Structure formats: C-alpha cells, structure tokens
Amino acid sequence: MTGAVAARHSPLEGVAAAFAEVATVTDRTVSLAELPFLAQINLRADPADAPLLARLGAALGVDLPTIPNTAAAGPRGDRYVLWLGPDEWLVIDRAGTEASLEGRLRTALRGGRGSVVDVSANRTTIRLAGPAARAVLEHGCSIDLHPRAFGPGRCAQTLLARAGVILISVSAEPEYRILVRPSFAAYLATWLLDAVDGAT
C-alpha cells in the first residue's frame, strides 16, 4: 500500500486573488504574481578555472556571468544565472527542472572544485511588472533602481521593506523578479500590496 502524496502549497497561494486584482485596480500600471516552485540551484566553482566555467556554461546553455550583480538569461528566457559572488551563482529555471539541472551541473563539475546544491525550497518568487513597478520598489529599497544603474540583466542581494531578497531586473517594461524566503513571503506580499496603493 502506497501512501498518499502530500499536496504542495506555495507560500503565497492565500494572496493570489489580491495579486490578480492589482492589475485591474491600477489599470495595469502594476501587476503582481507569485511564480511558485521555481527550480533554484546554488552553484559554487573556481572562477579562475576557465575550462570548468566553460563546461558549466555549456551544461546550462548560457555562460556564467562574471561581472558582479549581473544576470544572464537563457535563450528561451525562462532560465537565469545570477552572479551572487566571485565563486557563486544561482541558477533559476521552470518548476520541475531542478533534478535535471542538478544532474547536468554535477556532471560538468566533475574533476573541478565546487559544489551544486538544490535550494529550490529556500525562496519563492514574486513577479512585479508594469510602468509603476520601479516606483513601488523605491518605497522600500535603498539601491538605485534607475535603468541606467539597474536595468535588464542586473541583480542584487538587498533589503526590500527590511526583508532580505534577491532582486532581478528582467526587462525594460519594467519587470522584476523578487526572490524571498517563505517565512518573509506573506509579510512582503502585504507590503507590496500597500506600496502599490502609494505608487499608483
């Protein structure tokens, strides 16, 4: 007899309706949505080992960014590789791809120094987009979010409303992805909904 598979619940499923309503209330100058269960792989590798970085990039289909606080997007636009430190990257992809990503990266890392760890459960992702999206973030984030400083292809580990997040600028719409730990997700979602009211 096999046991029943437990239902999987996202940290923000309770605010999905409130997020969906934002675009209507703001006439689509802002939209919010949770992107739950994205694959997230923490990758550590020796940045001086060029052949190793090349193998890892080939395994991902996108070169690992080597410029601080930058993000590289895969050809389909659903895979991102974020620079988190001189020898650390975060690979993000569609839900359900974590095992495949982890396996490919472990194979590419073989013989080199580094590590591959599935951290998919560590954070959920909030998509914030629309003409007023930057104004919303500026209510609670101290970094310069002007496109000349934080345009598409930039990322940062920072504080948003005092919650530790990873912030990614995805497109010039503007569109951002906010990665936050599940324990802070409901708090940050409430803050974002309040900030939308103040920015639109």
Side-chain angles (χ1 to χ4, degrees), residues 4-42 71 73 76-82 84 90-99 101 118-145 147 150-200:
V5 177
R8 196 174 184 188
H9 297 281
S10 73
L12 294 178
E13 63 183 22
V15 298
F19 273 7
E21 188 180 359
V22 165
T24 302
V25 172
T26 64
D27 196 25
R28 301 197 178 277
T29 59
V30 180
S31 65
L32 283 165
E34 184 189 16
L35 305 176
F37 313 128
L38 294 184
Q40 298 174 55
I41 306 294
N42 184 270
R76 295 192 312 270
D78 48 14
R79 177 175 298 162
Y80 294 90
V81 183
L82 316 183
L84 296 185
L90 181 66
V91 182
I92 304 169
D93 208 332
R94 300 181 316 278
T97 61
E98 51 270 21
L101 277 174
D118 181 357
V119 295
S120 303
N122 280 8
R123 304 176 191 91
T124 192
T125 303
I126 299 171
R127 177 186 181 272
L128 171 65
R134 177 161 63 100
V136 171
L137 290 178
E138 287 173 337
H139 280 283
C141 187
S142 62
I143 65 174
D144 183 359
L145 295 172
F150 200 76
R154 303 291 297 186
C155 65
Q157 298 180 82
T158 186
L159 293 177
L160 177 59
R162 300 184 180 177
V165 301
I166 298 175
L167 182 63
I168 314 164
S169 178
V170 173
S171 77
E173 181 183 355
E175 179 183 342
Y176 303 95
R177 304 284 168 87
I178 305 164
L179 282 70
V180 61
R181 296 193 183 279
S183 55
F184 284 91
Y187 157 76
L188 188 61
T190 300
W191 182 89
L192 284 165
L193 289 167
D194 288 342
V196 165
D197 288 338
T200 55

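Everything numeric here is computed off the predicted structure, so don't read it as measured data.
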Exercise. Partners of Arg134 by salt bridge (charged side-chain N to carboxylate O under 4.0 Å, His left out), sequence neighbours excluded?
Worked result: Glu138

Problem set entry | Closest non-hydrogen atom pair, Pro11 against Ala185 | CB-CB, 4.0 Å

Exercise. Roughly how far, to the nearest 0.5 Å, is CG of Leu90 from CD1 of Ile168?
Worked result: 7.5 Å

Problem set entry | Spatial distance of atom CG (Leu137) from atom OG1 (Thr158) [nearest 0.5 Å] | 10.0 Å

Seminar exercise, completed: To the nearest 0.5 Å, atom CG of Leu188 lies from atom CD1 of Ile126 at 4.5 Å

Problem set entry | Side chain proximity check, Asp93 to Ile41, heavy atoms < 4.5 angstrom | no

Exercise. Going by heavy atoms in the side chains, are Leu193 and Asp197 under 4.5 Å from each other?
Worked result: no

Seminar exercise, completed: Test side chain to side chain contact (heavy atoms under 4.5 Å, CB included), reference Ser120, set Asn122, Thr124, Asp118, output is Asp118

Seminar exercise, completed: For Arg76, the salt bridge (charged side-chain N to carboxylate O under 4.0 Å, His left out) test, sequence neighbours excluded, returns Asp78

Name each donor-acceptor pair under 3.5 Å that joins a side chain in residues 174-184 to protein atoms two or more places apart or in another chain, with its distance.
{"unit_1": "Glu175", "atom_1": "OE2", "unit_2": "Arg127", "atom_2": "NE", "d": "3.0"}
{"unit_1": "Glu175", "atom_1": "OE2", "unit_2": "Arg177", "atom_2": "NE", "d": "3.3"}
{"unit_1": "Glu175", "atom_1": "OE2", "unit_2": "Arg177", "atom_2": "NH2", "d": "3.0"}

Seminar exercise, completed: The reported gap from CZ in Arg79 to CG in Leu101 (rounded to nearest 0.5 angstrom) is 5.0 Å

For this session: Indicate whether the side chain of Ser10 and that of Glu34 have a donor and an acceptor atom separated by less than 3.5 Å.
Result: yes

Exercise. Quick one: does Leu160's side chain get under 4.5 Å of Leu167's, heavy atoms only?
Worked result: no

Problem set entry | Donor-acceptor pair, side chain of Tyr80 and main chain of Val170, under 3.5 angstrom | no

Exercise. Do side-chain atoms of Glu21 reach the backbone of Phe19 as a donor and acceptor pair under 3.5 angstrom?
Worked result: no

For this session: Please indicate whether Glu13 has more than 12 foreign heavy atoms, meaning atoms of other residues, nucleotides or ligands, lying under 6.0 Å from its CD.
Result: yes

Problem set entry | Note, Arg162 side chain near Trp191 side chain (heavy atom, < 4.5 Å) | no

